[in-house]
Amino acid sequence: MLYKKPLMLLKSNGGVSGVSRQKSGGAKANVQVQVVPTAKTIPEANALAVSLGIAQSANFAGLDLNYANLLIQRLAEIRQIFPQLEQLHFIGNSKSMGKTSAPATFWSALGVPIGLTLHPKYFSSKGLKGYEEALKSMVSQKKSPVGCDTLKSVIDHEIGHYLDYGRVKGTSSTGLQLSRDSQILKIYQGMTKEEITENLSSYASKNIREFIAESWSEYQNNPHPRATAKAVGDRIVEIYQSK
């Protein structure tokens, strides 16, 4: 959902197949994705995120190291595939950005991507007992897309928002705003809420931004993404490749 903060700070709460898919489930568009280093400590993870150019700053304190590495990996891979995507200002613990109870959050201000964070309630060493089981239940109830029953899929949903708002390097624009793309709009507007629920998820029917994020998450996590997710995912890859 979207949440207003001072200075119009917005957050969207969540949770490329492209030309070919990786075994881990991820986008690949005629790019050989390099192996992302693994941090051995939280301070090392903070430094790694900055050194890889993912974000200007990072603070994973309070999060499990495995999840810190997962977020770094997913964002590093996306920026290898879409190198024109401008880096975020911050990634890490949601509590560093403001009050939120969402498992993962994408932040933007005035249409510009700001950060992507994980909540320690879900992504700490203790975590929320039974949360991944709850994610599986959400898929079976069509609240989440097929294949999106892991914490990785929650992260990929937020990356979908990052791509939606994504700003191309060297521009002063407010970002690509994929939600205004005519082809994506045509897919979204050509479906009823019931059809979106059946072919993607009920959460995707909330608005076009969640439609894009849910499509991207399935595109990344379902080995055989359904027609809606594939059409939107392919279009996102096409847009970024044209920049």
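Any value given below was found using the heavy atoms of this structure, including those in side chains, with hydrogens, waters and symmetry copies removed.
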| request: Mind checking the CG-CD spacing from L52 to Q73? Nearest 0.5 Å is all I need. | output: 11.5 Å
| Would you say the side-chain atoms of Y219 and D156 include a donor-acceptor pair closer than 3.5 Å? | no
| side-chain contact (heavy atoms from CB on, under 4.5 Å) between F106 and T117, intermediate numbers included | CA-CA 7 Å; F106 168 79; T117 60; over 6 Å; no
| Contacts of S137 that satisfy side chain to side chain contact (heavy atoms under 4.5 Å, CB included) - sequence neighbours left out | S140, Q141
| message | Tell me whether I196 shares a hydrophobic cluster with M138, the cluster being built from Ile, Leu, Val, Met, Phe, Trp, Tyr side chains joined at under 4.5 Å. | response | yes
| Once you round to the nearest 0.5 Å, how far does CG of L163 lie from CD of E158? | 11.5 Å
| said: Between E195 and T192 (side chain of the first, backbone of the second, donor and acceptor by atom type, cut-off under 3.5 Å), is there such a pair? | reply: yes
| task | Measure the OG-CG distance between S215 and L178 for me, rounded to the nearest 0.5 Å. | result | 11.0 Å
| Value rounded to 0.5 Å, distance of OG in S179 from CG in L185 | 7.0 Å
| task | Report yes if the side chains of L151 and Y131 come closer than 4.5 Å at any heavy-atom pair, otherwise no. | result | yes
| Any side-chain heavy-atom pair of E214 and P145 under 4.5 Å | yes
| field | T197-S202 side chain donor-acceptor pair, cut-off 3.5 Å | value | no
| To the nearest 0.5 Å, what is the distance between OG (S125) and CG (N66)? | 10.0 Å
| field | Pairs meeting criterion salt bridge (charged side-chain N to carboxylate O under 4.0 Å, His left out) with involvement of residues 127-140, two or more places apart | value | none
| query | Do I72 and Y122 belong together in a cluster built from hydrophobic side chains that touch within less than 4.5 Å? | reply | yes
| query | For P113, does its backbone N or O pair with a side-chain atom of R167 as donor and acceptor, under 3.5 Å? | reply | no
| said: Checking S57 now: which residues fulfil side chain to side chain contact (heavy atoms under 4.5 Å, CB included) with it, not counting sequence neighbours? | reply: F90
| task | Apply side-chain contact (heavy atoms from CB on, under 4.5 Å) to the pair L63 and S124, showing each step before the final yes or no. | result | CA-CA 4 Å; L63 300 176; S124 68; 5.5 Å; no
| Which heavy-atom pair separates N221 from C148 by the least distance, and what is that distance? | CB-SG, 4.4 Å
| Within a strict 4.5 Å, meaning less than it, do heavy atoms of the I114 and L88 side chains meet? | no
| message | So, using salt bridge (charged side-chain N to carboxylate O under 4.0 Å, His left out) as the criterion, who are the partners of R79 when residues are at least two apart? | response | none
| note | Closest non-hydrogen contact found for Y165 with S108 is CE2-OG, 3.7 Å
| Relative to each other, are the rings of Y67 and F123 parallel, tilted or perpendicular (30° and 60° limits)? | perpendicular
| side-chain contact (heavy atoms from CB on, under 4.5 Å) between L200 and V146, worked out | CA-CA 7 Å; L200 196 55; V146 173; over 6 Å; no
| query | How far apart are the closest heavy atoms of S94 and T105, and which atoms are they? | reply | OG-OG1, 4.4 Å
| In one Ile/Leu/Val/Met/Phe/Trp/Tyr side-chain cluster, 4.5 Å: L75, V50 | no
| query | Between I91 and A49, which heavy-atom pair has the shortest distance, and what is it? | reply | CD1-CB, 3.7 Å
| Do M191 and N199 pass the side-chain contact (heavy atoms from CB on, under 4.5 Å) test, and can you show the C-alpha distance, the side-chain angles, and the key distance before you say yes or no? | CA-CA 10 Å; M191 303 172 72; N199 294 284; 4.0 Å; yes
| said: What I'd like to find out is whether the side chain of Q220 reaches to under 4.5 Å of the side chain of R74, using heavy atoms alone. | reply: yes
| field | Heavy-atom pair of closest approach, residues S153 and T150 | value | OG-O, 2.6 Å
| said: Is there a path of hydrophobic side-chain contacts, each under 4.5 Å between heavy atoms, that joins I155 and L85? | reply: yes
| message | How close do E210 and Y203 get, counting heavy atoms only, and between which atoms? | response | OE1-CE2, 3.2 Å
| request: Only counting residues at least two apart or in another chain, list the ones meeting side chain to side chain contact (heavy atoms under 4.5 Å, CB included) with K95. | output: N93, H119, P120
| task | Please say which of K230, K186, Q183 ends up in a side chain to side chain contact (heavy atoms under 4.5 Å, CB included) with R235. | result | Q183
| query | Can you tell me if R209 and Q177 form a side-chain donor-acceptor pair at under 3.5 Å? | reply | yes
| query | With no hydrogens and no angle check, do the side chains of N222 and E218 hold a donor and an acceptor under 3.5 Å apart? | reply | yes
Please list, one pair per line, the donor and acceptor atoms closer than 3.5 Å that link side chains of residues 41-48 to other protein atoms, with sequence neighbours excluded.
unit_1, atom_1, unit_2, atom_2, d
T41, OG1, E44, N, 3.1
E44, OE2, K40, N, 3.4
N46, OD1, F60, N, 2.9

| request: Flag yes if W216 and V139 sit in one hydrophobic cluster, no otherwise; membership is Ile, Leu, Val, Met, Phe, Trp, Tyr, and two members link when side-chain heavy atoms are under 4.5 Å apart. | output: no
| task | Hey, could you give me the CD1/CD1 distance between I184 and I208, rounded to the nearest 0.5 Å? | result | 7.0 Å
| Heavy-atom side-chain contact between F211 and I187 under 4.5 Å | yes
